[in-house]
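These numbers come from a predicted model, not from an experiment. Note on naming: letters A, B, ... go to the chains in the order of the sequence lines (proteins, then strands), and numbering restarts at 1 for each one.
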Number of protein chains: 4
Amino acid sequence: MVEEAVRIGLVGVGRIGRNHAEILARHTPGAVLQAIADPDASAVADVAEALRVPQTCSSLAELLSSGVDGVVIAAASTSHAELIVSAAAAGVPVFCEKPAGMSLAELDRAAGAVDGSGVVCQVGFNRRFAPGFAAARRAVDEGRLGSVQLLRSTTRDPRLHDPSVVPPWTIFTQTLIHDFDTLNWLNPGARAVRVYAQADALIRPDFRGAGLLDTALVTVAFDNGALAVADASFQAAYGYDVRAEVFGSGGLATAGHVRRTDLTLFGADGISVETSRSDTDLLQDSYRAEFSAFVEAVRTGVAQGPTLHDARAAFAVAQACIDSITTSLPVHL
Amino acid sequence: MVEEAVRIGLVGVGRIGRNHAEILARHTPGAVLQAIADPDASAVADVAEALRVPQTCSSLAELLSSGVDGVVIAAASTSHAELIVSAAAAGVPVFCEKPAGMSLAELDRAAGAVDGSGVVCQVGFNRRFAPGFAAARRAVDEGRLGSVQLLRSTTRDPRLHDPSVVPPWTIFTQTLIHDFDTLNWLNPGARAVRVYAQADALIRPDFRGAGLLDTALVTVAFDNGALAVADASFQAAYGYDVRAEVFGSGGLATAGHVRRTDLTLFGADGISVETSRSDTDLLQDSYRAEFSAFVEAVRTGVAQGPTLHDARAAFAVAQACIDSITTSLPVHL
Amino acid sequence: MVEEAVRIGLVGVGRIGRNHAEILARHTPGAVLQAIADPDASAVADVAEALRVPQTCSSLAELLSSGVDGVVIAAASTSHAELIVSAAAAGVPVFCEKPAGMSLAELDRAAGAVDGSGVVCQVGFNRRFAPGFAAARRAVDEGRLGSVQLLRSTTRDPRLHDPSVVPPWTIFTQTLIHDFDTLNWLNPGARAVRVYAQADALIRPDFRGAGLLDTALVTVAFDNGALAVADASFQAAYGYDVRAEVFGSGGLATAGHVRRTDLTLFGADGISVETSRSDTDLLQDSYRAEFSAFVEAVRTGVAQGPTLHDARAAFAVAQACIDSITTSLPVHL
Amino acid sequence: MVEEAVRIGLVGVGRIGRNHAEILARHTPGAVLQAIADPDASAVADVAEALRVPQTCSSLAELLSSGVDGVVIAAASTSHAELIVSAAAAGVPVFCEKPAGMSLAELDRAAGAVDGSGVVCQVGFNRRFAPGFAAARRAVDEGRLGSVQLLRSTTRDPRLHDPSVVPPWTIFTQTLIHDFDTLNWLNPGARAVRVYAQADALIRPDFRGAGLLDTALVTVAFDNGALAVADASFQAAYGYDVRAEVFGSGGLATAGHVRRTDLTLFGADGISVETSRSDTDLLQDSYRAEFSAFVEAVRTGVAQGPTLHDARAAFAVAQACIDSITTSLPVHL
């Protein structure tokens with residue numbers, strides 16, 4: 001007896017929402033993108049036509065009433081927690097883009113709803129599904145790196161388009177949140193206990209007065225003694241750069257790369273290699289893998305990948321960064 | 001107005017056929033795997049259930065009558081040409097795994113049928129769709145390598161399972177056929193004019209008497225003066241190895257890699273990296289891309305990727321290898 | 001008219017002193033190793049015989065009176081400043097291994113003597129002479145990286161032999177002092193203004209009670225806004241690891257590697273590469289280059305490479321690390 | 001008792017002779033460059049002054065009479081064999097640049113003289129001393145690659161300055177001679193038995209009529225079944241390129257690289273790495289190592305590295321290439 005395709009509803013069709021829509025519609029085996037919802041009716045119509053999505057909605061409520069088996073939330077970050085609560089209340093499994101909440105209180109509320117309803121909730125920490133990162137975690141689990149002593153995680157976006165629309169603390173709550181989860185996840189069983197953050201407007205110093213933080217360096221100390229560093233930049237001239245390192249008593253693992261393909265050119269100017277220029281290029285395989293995992297979770301009712309508890313642990317570090325910047329001091333968790 | 005999904009029928013569900021079935025069913029946007037055909041009813045049933053394929057057939061004829069928009073042939077190589085002719089006669093676009101024919105005569109007959117019917121016929125030279133190889137060709141087309149002078153292509157399989165079932169000349173007609181197409185394709189507009197082949201049973205010298213050729217080195221000279229070398233081995237201890245190089249007056253391009261992921265481990269024994277162990281692992285993206293191209297070709301009626309004429313050009317080199325081995329001399333085309 | 005060879009005297013023939021003796025005797029064009037001094041008469045005799053050094057001494061004073069053109073100091077760190085002062089008083093150019101002094105006061109005293117006498121004094125920050133590091137600095141100087149925003153420097157030794165003999169703060173004053181100079185040097189014109197250090201006994205936690213710090217993570221903020229991180233470990237399973245990165249508005253430069261040769265092996269376990277296992281292996285070219293620079297400086301009277309002022313700037317960061325560890329707070333310089 | 005420095009005499013101060021003079025004078029521990037000889041008195045004087053060489057001569061005879069312990073021959077290739085014979089007659093150990101003779105007869109005559117006199121004779125096949133190549137050979141010797149099945153060697157020069165002065169067959173007797181020795185040496189115990197060569201004027205087709213061969217592809221079959229390929233180009237846009245591969249039943253070894261340093265730049269155009277632009281840059285370590293080996297051989301009377309018998313074996317392949325080009329057929333040795 002073959003199982004039916006899982007019907008997925010997607011909330012939010014902005015830049016990343018459209019990317020997710022295409023993956024769910026075309027590259028997620030066992031799933032159909034049944035419905036999409038967004039207050040922007042025109043955007044919804046565009047995406048629905050391009051991807052032949054049967055149903056369009058203006059809200060999550062409408063979408064939930066249409067009978068989907070799982071919901072993917074790619075709406076504005078400020079609405080994440082509320083949307084999770086609604087989906088949980090409806091008993092519908094939910095995948096939510098990071099950060100899944102804009103405060104620890106929001107995340108606790110969302111986690112309470114999810115735990116209460118018993119639905120699966122997976123958070124969009126996509127690096128866990130990047131093949132090299134996943135292999136690094138396996139190396140840790142297999143003991144090949146021994147006890148973890150030093151970690152590093154880097155996220156560099158290719159372009160800071162408009163500094164004027166960057167909400168406060170974005171570099172911590174939206175960008176480095178990935179790295180904080182990566183560091184937690186590559187140091188399994190350990191808990192972040194001390195955070196020291198430094199950040200500045202180095203790309204656009206003209207927005208320093210407006211509070212822009214476009215470059216950051218954060219150290220995280222864990223209760224197993226491991227020391228970690230994360231850095232982020234909103235503008236890397238060479239493209240999208242996501243890498244991590246784990247150093248332990250048994251050795252070092254490095255994951256991530258910026259090559260676009262395996263072509264190497266040797267010319268009059270030396271060796272040259274093209275680089276990836278966007279997250280949706282560099283991390284396409286990770287996105288596909290995380291949605292496949294979600295579909296499997298919907299089917300089995302067993303959570304796959306990062307949970308709201310992981311999201312809370314990562315956000316706790318982001319919150320500590322905010323406190324550290326505010327006080328110019330290390331912050332203890 | 002959104003177009004309907006293209007209905008694909010697949011002939012042959014052996015090892016590579018099953019791989020293609022899964023890609024067509026799950027990873028080819030815009031396509032549905034509508035029907036599969038194979039004389040082995042049990043194999044057909046298995047695949048159909050696993051992938052929820054609506055229709056099962058025992059032959060291409062039956063499959064064609066079921067109303068598919070395009071046919072993918074992954075049956076035994078000896079039947080390729082005949083199946084192409086049948087599909088062409090039915091006016092159905094066809095994708096055929098290499099070598100598409102077991103002799104120049106077969107390929108000519110297939111090409112005649114295809115040209116006569118006007119249907120699209122794409123051949124499964126998957127490297128053309130590997131991102132690094134495709135980028136190498138773009139570098140050639142853009143003139144970044146100048147005039148092509150030296151080329152190299154390598155195919156090494158991970159394991160020679162059973163030498164006793166390897167048909168004669170397999171290393172040329174089934175394995176190096178990929179490399180011959182790669183060399184032709186990376187030297188656009190040029191024609192192979194002289195071939196010298198050497199081959200032996202070096203992996204299993206105990207089968208030398210039985211005529212096994214498991215290792216080969218072939219040189220190909222082109223009418224633009226470029227000199228090329230291709231080598232193949234049926235057993236590379238380190239996995240599946242597919243690489244190419246183009247050297248020209250403007251520089252060198254290298255494509256292909258054997259890394260499994262971007263994880264690098266540094267341990268007590270030094271640096272170590274896992275390698276790909278199968279074609280269906282290493283070339284998964286290429287398979288997906290070639291089927292997407294075929295779906296597009298079915299939709300538009302415009303051929304994408306390698307044609308039967310390319311298959312003939314590659315087979316001409318393989319045939320010259322056979323003649324070269326037979327005579328121990330270089331062969332002029 | 002050809003110039004005479006520069007006569008070098010070496011003080012200290014411990015592990016690194018012997019390495020330097022061999023380089024000065026055999027691999028430094030234009031120099032002769034004229035004399036060596038060490039209180040350990042037997043060690044001096046051994047080295048002198050092996051390298052055919054004409055003269056042996058028991059002290060710097062004796063060595064200076066023998067008429068050398070320049071002095072290389074590779075004695076115990078605690079004696080560096082005093083030896084520099086003596087050499088300067090004698091008007092003899094001096095190369096001193098890092099850290100060149102064990103306190104800011106010592107370094108100021110040495111700098112005062114050197115500046116007063118007008119002799120050249122070069123400090124042994126060898127990375128500046130590593131080809132990749134030097135090329136990174138050139139890239140900065142040429143503006144290829146734009147304005148510097150993030151930096152990283154790493155030093156990992158291969159083996160912590162005997163934790164019981166490690167003096168306090170060694171990881172900062174002896175190991176990371178290299179990285180602090182590297183960070184200063186790769187961010188030319190900028191001054192370190194804020195330091196936060198974390199360190200622990202993670203390799204040998206049984207020596208934590210004895211005050212061992214074998215693993216450290218340090219952040220350094222500069223007055224041009226750049227944020228830097230340095231990490232060190234006394235035991236990297238994979239060998240000696242010295243690397244640096246500079247990220248700026250124009251791009252990223254990475255320098256350093258751990259490969260032993262350019263051999264890559266592909267075997268049944270995947271790809272493997274041998275790693276360098278000692279500083280005297282990995283940095284041999286850097287040592288040779290820094291001594292060639294010193295010989296040139298002796299000849300011309302013009303300082304080459306890092307000075308005592310650079311040593312002071314690096315030590316200021318090390319001292320801030322000590323203060324940061326002591327107070328558990330960031331320290332402002 | 002410490003041994004005296006070995007007194008070396010150098011014959012020939014053209015481009016490569018000057019390079020060798022500098023290495024012998026400055027970078028060869030245990031050696032002094034005692035005398036240099038060249039018919040060009042002005043060139044000799046220049047080099048002698050720059051490197052402070054005590055004695056200048058106009059001929060090998062004069063140089064031999066000056067009492068050197070060993071002779072390095074870097075004169076014109078056409079004089080190699082004769083100079084070896086003279087040095088052997090004088091009982092002086094000799095290092096001779098490849099090819100050591102311009103015909104098998106010349107090499108046999110030189111070998112006869114050397115064997116008769118009992119002096120050491122080392123040939124300048126420098127790749128054997130390149131660290132990665134040496135490590136590849138060790139991997140073969142240790143059985144890590146199993147039985148050798150496929151080999152590759154590449155030599156590409158950066159620039160074809162003046163095609164009009166290139167003697168006939170240079171690409172085989174001067175350039176690929178390195179690769180032929182490399183292939184022989186990486187397949188120890190095996191003997192080349194069949195050679196097929198193709199070559200053309202692809203860089204400067206305007207000199208095709210004059211007989212220029214600037215690009216070549218050669219296959220070599222060995223009596224242990226291994227199949228090898230060598231290619232050469234007189235003009236690689238990206239610099240000097242020397243690489244080799246050995247593929248066996250146990251795996252693959254690759255050696256050689258074209259990076260100038262370990263700096264990697266990531267900028268707006270992607271990843272870029274500088275390349276080596278000359279043999280004297282890329283192979284500097286190999287030159288130094290081969291002269292150190294020669295000094296040791298002079299001291300001990302025991303040959304180190306490649307001999308005249310190796311030179312003969314390599315030249316036999318070069319001669320077969322000439323015959324193959326002449327007949328357009330494979331040639332059996």
Side-chain angles (χ1 to χ4, degrees), chain A residues 1-5 22-23 25-31 48-53 130-139 144-146 242-274 284-285 288 292, chain B residues 1-5 22-23 25-31 48-53 130-139 144-146 242-274 284-285 288 292:
Chain A
M1 176 49 206
V2 175
E3 287 163 324
E4 290 301 303
E22 184 170 346
I23 293 174
R26 297 187 167 166
H27 302 287
T28 308
E49 182 177 345
L51 299 170
R52 294 188 295 163
V53 182
F133 281 65
R137 170 60 192 260
R138 277 197 301 277
R144 299 181 69 175
L145 302 179
V242 167
R243 285 176 290 130
E245 297 185 15
V246 190
F247 174 90
S249 55
L252 167 71
T254 63
H257 70 281
V258 298
R259 295 183 75 107
R260 191 172 173 85
T261 74
D262 56 34
L263 178 77
T264 304
L265 282 173
F266 304 71
D269 294 330
I271 302 168
S272 64
V273 175
E274 280 190 288
Q284 198 58 219
D285 285 347
R288 294 185 187 186
S292 289
Chain B
M1 175 53 204
V2 175
E3 286 164 324
E4 289 301 301
E22 184 170 345
I23 293 174
R26 298 187 166 165
H27 302 286
T28 308
E49 183 178 345
L51 299 170
R52 295 188 296 163
V53 181
F133 281 65
R137 169 63 192 258
R138 276 196 302 276
R144 300 181 68 174
L145 303 178
V242 167
R243 284 175 292 130
E245 296 184 15
V246 190
F247 174 91
S249 56
L252 167 71
T254 64
H257 70 280
V258 298
R259 296 184 75 109
R260 192 173 174 84
T261 74
D262 57 33
L263 179 77
T264 304
L265 282 172
F266 303 71
D269 295 329
I271 301 169
S272 63
V273 174
E274 280 191 288
Q284 198 58 219
D285 286 347
R288 294 185 187 186
S292 288

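- A donor-acceptor contact shorter than 3.5 Å links the side chain of B:T28 to the backbone of B:I23.
- For A:L263 against B:A253, the heavy-atom pair with the smallest separation is CD1-CB, 3.8 Å.
- Interface remark: of the candidates B:S272, B:G251, B:P29, B:P29 forms the most heavy-atom pairs closer than 4.5 Å to chain A.
- For chain B, the option among A:V246, A:T261, A:D262, A:D285 with the highest count of heavy-atom pairs below 4.5 Å is A:D262.
- Taking every heavy atom of both residues into account, A:L252 and A:E245 meet most closely at CD1-OE1, 3.9 Å.
- Counting heavy-atom pairs under 4.5 Å between each of B:G256, B:A255, B:G267, B:A135 and chain A puts B:G256 at the top.
- For chain A, the nearby part of B:A139 is the side chain; its heavy atoms alone come within less than 4.5 Å.
- Here the side chains of B:V273 and B:V258 are not in contact, with every heavy-atom distance at 4.5 Å or above.
- Using a 4.5 Å cut-off between heavy atoms, B:I271 makes no contact with chain A at all.
- Contacts of B:R144 with chain A are made by side-chain atoms alone, with heavy-atom separations under 4.5 Å and no backbone atom involved.
- Scanning all heavy atoms of the two residues, the minimum distance from B:R243 to B:H257 falls at CG-N, 4.1 Å.
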